[in-house]
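Lettering of chains follows the sequences in order, A, B, ..., and the numbering in each one begins at 1. Worth saying up front: this structure is predicted, and the values here are computed from it rather than measured.
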Protein chains: 2
Amino acid sequence: MGTPQLTKNQSLVMGALAHSDGPLSAYTILDKLRDQGFRAPLQVYRALDKLLEYGLVHRLESLNAFVACTCPHEHEHDHGVTAFTICEGCGQVTEFHDEAIEQRLSALVRAQSFKTEKTTIEIRGHCKSCA
Amino acid sequence: MGTPQLTKNQSLVMGALAHSDGPLSAYTILDKLRDQGFRAPLQVYRALDKLLEYGLVHRLESLNAFVACTCPHEHEHDHGVTAFTICEGCGQVTEFHDEAIEQRLSALVRAQSFKTEKTTIEIRGHCKSCA
DNA sequence: TCGCACACGTTATAGCATAACGCAATTGAT
DNA sequence: ATCAATTGCGTTATGCTATAACGTGTGCGA
């Protein structure tokens, strides 16, 4: 079961995120898509829910915003934990993955007999250019 | 420079969090403190800002809520990265720290020439009892 | 063709957070 | 002692984020 064909609304939201150079809030997406007929937040949130489910989009919890996934070739295999650096200066977000962290977290959590459903790792700071 | 004496409002908010068995939203805290004279969200948010600054409280980004720090003895030395497991069933939050993860993250971030200001690690799932 | 699942549209509402104003108390330098 | 700067506080208003609840239409398998 891969990624199904996107609906019109899902494609529009995906396009807005893919063409943005940084994260977008749901309401910012709404504003960008008003010319395409969007009128209400739910149109955005419903599309985002599906895109998140398909793994095409990530939610940045510390920003209440969304970014397109930057691993376009890996949408099939669940590529485990995703981490982000988020620059407070320019807003740039960089996605990365690391096996070692994933395994270490997995071990710590297992020691609590805790069953992980979703892991959030977000690092706020300043990128090279904005230091 | 340790933790200064808390003001009345800060103490009340700290007390509400310390006596709660789980995370509280700012508005929930407000409601709990109405009998003590709280009337507006800002009274809570301003106290929380200070408590966060002093390291007595943590913000859970994925929940928009706050918890008392469970490392009461370590408020002086910055104890680095804090991570949480958050049970979707019972709401229980467990705070933990791990040197290995901290160092691995530090190395990955340094490779990007990124300067970390704050790191968020939150693991949503189900605890042993709620599995 | 009936029933079901799903996407969609709309209105209304709930929940989270801050802006902007003014006042009072404290501190510390001159 | 006094003035200026800082900090905490209270209040009103506002803005941003997210979901509830209702109804419509469409496609598709039993």
Do any side-chain nitrogens or oxygens of Tyr45(B) fall under 4.0 Å of OP1 or OP2 in dA17(C)? yes
Taking 5' to 3' order, which nucleotide of DNA chain D is first and which is last to have an atom within less than 4.0 Å of a heavy atom in chain B? dG8(D) to dT12(D)
Start with the C-alpha distance between Arg34(A) and Asp31(A), add both sets of side-chain angles, then the distance that settles salt bridge (Lys or Arg N to Asp or Glu O under 4.0 Å), and finish with yes or no. CA-CA 5 Å; Arg34(A) 286 205 189 274; Asp31(A) 287 338; 3.2 Å; yes
Between Arg124(B) and Glu122(B), does any side-chain N to carboxylate O distance fall below 4.0 Å? no
Angle between the end axes of the helix from dT1(C)-dA30(D) to dT30(C)-dA1(D), five pairs per end, to the nearest 10 degrees? 30°
Can you pull out the residues from residues 11-33 of chain B that lie within a 4.0 Å heavy-atom distance of DNA chain D? none
Determine, using ring centers only, whether His126(B) and Phe114(A) are less than 6.0 Å apart. no
Taking NZ in Lys118(A) as the centre, count heavy atoms belonging to other residues, nucleotides or ligands within less than 6.0 Å. Is the count above 12? yes
Polar atom pairs (N or O), protein with nucleotides 6-8 of chain C, under 3.5 Å:
{"unit_1": "dC8(C)", "atom_1": "OP1", "unit_2": "Thr7(A)", "atom_2": "OG1", "d": "2.7"}
{"unit_1": "dC8(C)", "atom_1": "OP1", "unit_2": "Asn9(A)", "atom_2": "N", "d": "3.4"}

Name all residues meeting the side chain to side chain contact (heavy atoms under 4.5 Å, CB included) criterion together with Gln103(B); count only those two or more places apart in sequence or in a different chain, and write none if there are none. Glu99(B)
Quick one: list whatever passes salt bridge (Lys or Arg N to Asp or Glu O under 4.0 Å) with Lys50(B), sequence neighbours left out. Glu53(B)
With a 6.0 Å cut-off on the ring centroids, do His58(A) and Phe66(A) count as close? no
Please compare Asn64(A) and Arg39(A) by the position of their nearest nucleotide in DNA chain C and report the one closer to 5'. Arg39(A)
Which of Ile101(B), Leu105(B), Leu108(B) passes side-chain contact (heavy atoms from CB on, under 4.5 Å) with Asp98(A)? Answer is Leu108(B)
